[in-house]
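What you are looking at is a predicted structure, and each value in this text was computed from that prediction instead of being measured.
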Amino acid sequence: MPSHINTTDKIFYEKNKLDPQKVEKLVDNSLTGGDDGELYMEYVQTEFFSFDDGRLKTCTYDTDMGFGLRSVAGETFGFAHSSELSEKSIARAGETVKAVQQGHGGTMDLNPIKTNQQLYIDDNPLLQVPFERKVKLLQDIDAYARSKDARVKQVSVQLSANWKAVQIVRTGGAKSADIRPLVRMNVSVYLDDGKGRMEDGYYGFGGRYAYDKLFDESLWKSAVDESFRQAEVNLQSVPAPAGEMSVVLGNGWPGILLHEAIGHGLEGDFNRKGTSAFTGMVGKRVAAPGVTVVDDGTMADRRGSITIDDEGTPSQRTTLIEDGILTGYLQDRMNARLMGVKSTGNGRRESYADHVMPRMTNTVMMNGNLSPEEVIKSVKKGLYAVNFGGGQVDITSGKFVFSASEAYLIEDGKIGAPVKGATLIGNGADALTKVKLIGNDMKLDEGVGTCGKDGQSVPVGVGQPTLRIDGLTVGGTKT
């Protein structure tokens, strides 16, 4: 395993002419008297390409570097950040964050003592492929999509990558570091049936790996083919019915409903404050038998994976619900300390300018023992939701609303006509108890998840098998 400490030392100390010993002393001086805290340094390179209407419309490149210094006292924290990485700016930040320690006299929490094995490559994807080749790829994707059918009226392609280096410095000179590559491609195809109706299809994929996977011809052609297929399905769709019914969720990306409607309610801060529907429920049944949910930040190459979290704690696999019983919450260091438990390695932040919160990584419902065909066959009349678009959830009540971007009627155990305009309405905690059948085809999403919380966005992953939930309310467009 390469030394991420050595790599990040060169980025943060050598390039900025910082004295490591002086920085460590500044950290000690800033955090003494508190319960916890860290200096978080970050360097990130980002690029984004957008190809629309047969031409390159957007091409951006950005480099950013800075630090965030945090001191924690009880349930209060002081936080200061700057894009100027110098001993003077760190010292000024230290004077700011020490304000929360006045009269506190806390005892500093123990620092993390280990780092995970490497979960992804260190290579910087931005440096691997020449600019001309990236543009040529976008042109090839556009040409291939338009060659498929005369009904193709518009093609949109986005290509993005970033390379992030982070180092966390804690009291006593304890250091941890990570190098995080991330790439992604999105393809949208719009079809016109010539009768005044236009529909689109979308497919995206990515992860913590190099650009070479995105440039694999068989993969980007598959992305175009899937986008085209979804657009064709939508052209044939009929208005969705409304009412309470059984809903079969497809495997993979539909796990976003699990992430939003249930996952956020299992984050430590909401439960410490008593604002989650799952507060005080550890050890109690919160889901139907057979429902097991884990959050796993240790999956190789996955978009939501992190070798260490943004406090320096190694990421891990955390079982949240086991056979329907709530077993614990996702924790950062502050909420874990206040709740008398250990951090689960879920302390995350969007950038050096943001504070740490407990956040999900890759949140997955585990397999049952039925085939997906058996799950669908069990439904007399209902809805089969394969893909989802946007959605929203109220953490306190657990109520959610999600729009299905690809869904079908189920009639007499068979998949019927595609429908358009279906929304799923329910309560996360309640929905878990209504899971009736669980398939054996668990799949992870293709690597496009982004989670928002308190104004911050971080990459995440989701996954689940095919499953049947009874008694969900479907909002439809059928009159």
Check your understanding: When you look at Glu311 and Arg70, which way does the salt bridge (Lys or Arg N to Asp or Glu O under 4.0 Å) test go after all the steps?
Key -> CA-CA 10 Å; Glu311 298 178 294; Arg70 183 181 65 146; 2.7 Å; yes
Exercise for review: Examine the side chains of Asp296 and Thr361 and answer whether a donor and an acceptor come within less than 3.5 Å of each other.
Suggested key: no
**Study point:** Side chains of Glu406 and Tyr202, donor plus acceptor under 3.5 Å
**Key:** no
Review point. Between Gln167 and Tyr13, which heavy-atom pair has the shortest distance, and what is it?
Key: OE1-OH, 3.1 Å
Review point. Does the side chain of Asp309 come under 3.5 Å of the side chain of Asn346 through a donor N or O and an acceptor N or O?
Key: no
Practice item. May I ask you to establish whether Arg180 and Tyr120 are in a cation-pi arrangement, using a distance under 6.0 Å from NZ or CZ to the six-membered ring centre and at most 45° from the ring axis? Key: no
Review point. Going by distance alone, is a donor N or O of one side chain under 3.5 Å from an acceptor N or O of the other, for Glu42 and Tyr40?
Key: yes
Practice item. State whether a side-chain donor-acceptor pair under 3.5 Å links Asp332 with Asn335. Key: yes
Point to revise | Residue pair Asn362 / Ser305: nearest heavy atoms and the distance that separates them | key: ND2-OG, 3.0 Å
Exercise for review: Indicate whether the side chain of Ser315 and that of Asn116 have a donor and an acceptor atom separated by less than 3.5 Å.
Suggested key: yes
Exercise for review: Would you check if there is a donor-acceptor pair between the side chains of Tyr203 and Gln230 at a distance under 3.5 Å?
Suggested key: no
Point to revise | Thr466 side chain to Asp441 side chain, donor-acceptor N/O pair below 3.5 angstrom | key: yes
Check your understanding: If we ignore angles and hydrogens, is there a donor and acceptor under 3.5 Å between the side chains of Asp52 and Ser156?
Key -> yes
Check your understanding: Just checking, any donor-acceptor pair under 3.5 angstrom between side chains of His81 and Asp354?
Key -> no
Check your understanding: Is there any ring pair (Phe, Tyr, Trp, His ring centres under 6.0 Å) pair reaching into residues 46-72, and which pairs are they, with sequence neighbours excluded?
Key -> Phe49-Phe131
Exercise for review: Taking the six-membered ring for Trp and the full ring for Phe, Tyr or His, determine whether the centres of His259 and His264 are under 6.0 Å apart.
Suggested key: yes
Check your understanding: Going by atom types alone, do Ser176 and Arg170 pair a side-chain donor with an acceptor below 3.5 Å?
Key -> no
Practice item. Assess whether salt bridge (Lys or Arg N to Asp or Glu O under 4.0 Å) is satisfied between Glu47 and Lys134, documenting all intermediate values. Key: CA-CA 11 Å; Glu47 70 177 11; Lys134 296 169 188 173; 2.8 Å; yes
